[in-house]
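Reminder, nothing fancy here: chain letters follow the sequence lines and each chain counts from 1. Just so you know, these numbers use all the heavy atoms, side chains as well, and skip hydrogens, waters and symmetry mates.
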Amino acid sequence: MTVQILPERFKTEDQRALVADLGAVLERAPLFVPRMPRSGKPFSVRMTNCGPLGWVSDIDGYRYQPHHPETGAPWPEIPQRLLDLWHEVAGVPVGPEACLVNLYGPGTKLGLHQDRDERTFEAPVVSVSLGDTAVFRIGGTTRKAATRSMRLASGDVIVFGGDDRLAYHGIDRILSGSSSLLPEGGRINLTLRRVTPF
DNA sequence: TAGTAACG
DNA sequence: AAAC
């Protein structure tokens with residue numbers, strides 16, 4: 001098992017500081033609704049990004065690009081405390097290039113998927129949970145592999161590395177009202193990724 | 001197949 | 001009815 005869980009890696013004070021950092025990101029890079037390739041069906045999660053590259057999905061497919069799909073502006077910088085986290089836990093001599101910001105409200109789900117649009121899988125994916133607890137599902141590296149459910153609470157960090165870098169995972173449900181961290185409620189997930197080889 | 005719906 |  002190379003999925004590493006760091007429970008409550010961020011205490012309340014640092015979680016609040018992260019939320020403030022994200023407020024600045026959201027001002028410059030508004031949330032957008034991703035859509036499924038081909039069908040154009042909308043996701044229930046809303047997204048934005050920070051970093052040199054951002055992950056987007058629309059009718060043309062999944063990809064990383066350097067600009068916001070609606071404003072055309074470059075993504076804002078990744079907040080320093082997230083860069084610090086990466087350098088502490090990722091175990092690679094380079095920084096992350098993308099930080100996907102996912103906002104989950106009540107009823108938001110994200111189906112089982114792999115993070116596989118990067119051009120390198122050498123670096124792990126580092127994920128931070130903030131706000132309401134999520135019912136998270138994780139499986140193996142094939143769709144048929146058994147899955148298990150676990151809860152992710154505010155401040156928890158997961159590192160997907162090694163054999164589990166390509167593990168299928170998703171969000172079954174958000175436990176609304178389980179945290180008071182976010183003024184509007186809901187959950188934010190931050191996903192730090194290296195996109196290009198190093 | 002990062003989506004949905006129907007079924008048991 | 002919700003979860004799977």
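Nearest nucleotide to the A:Asp117 side chain, out of B:dT4, C:dC4, B:dA2: B:dA2. For A:Arg173, the side-chain atoms get nearest to C:dA3 when compared with the rest of C:dC4, C:dA3, B:dA2.
Distance CG (A:Asp172) to C1' (B:dG3): 15 Å, rounded to an integer number of Å. Distance A:Ile59 CD1 to B:dA2 C1': 16 Å, rounded to the nearest Å. Distance A:Lys109 NZ to B:dT1 C1': 14 Å, rounded to the nearest Å. Here B:dA2 presents its C1' atom at 12 Å from CZ of A:Arg38, a figure rounded to the nearest Å. B:dG3 atom P lies 6 Å from atom CE of A:Met36, rounded to whole Å. The CG-P distance, from A:Leu112 to B:dT4, rounds to 14 Å in whole Å. The interatomic distance linking A:Asn49 (CG) with B:dA2 (C1') rounds to 13 Å, in whole Å. The distance between atom CD1 of A:Ile171 and atom C1' of B:dG3, rounded to the nearest whole Å, is 16 Å.
Counting heavy atoms from C-beta outward, A:His169 and A:Asp115 have side chains that approach closer than 4.5 Å. Within the 4.5 Å cutoff, no side-chain heavy atoms of A:Ile78 are placed close to those of A:Glu97.
Taking the six-membered ring where tryptophan is involved, the planes of A:Phe43 and A:Trp55 are tilted, since the angle between them lies from 30° to 60°.
The ring of A:His67 has its center no closer than 6.0 angstrom to the ring center of A:Trp75.
Residue A:Arg137 places no side-chain N or O under 4.0 Å from the OP1 or OP2 atom of C:dA3.
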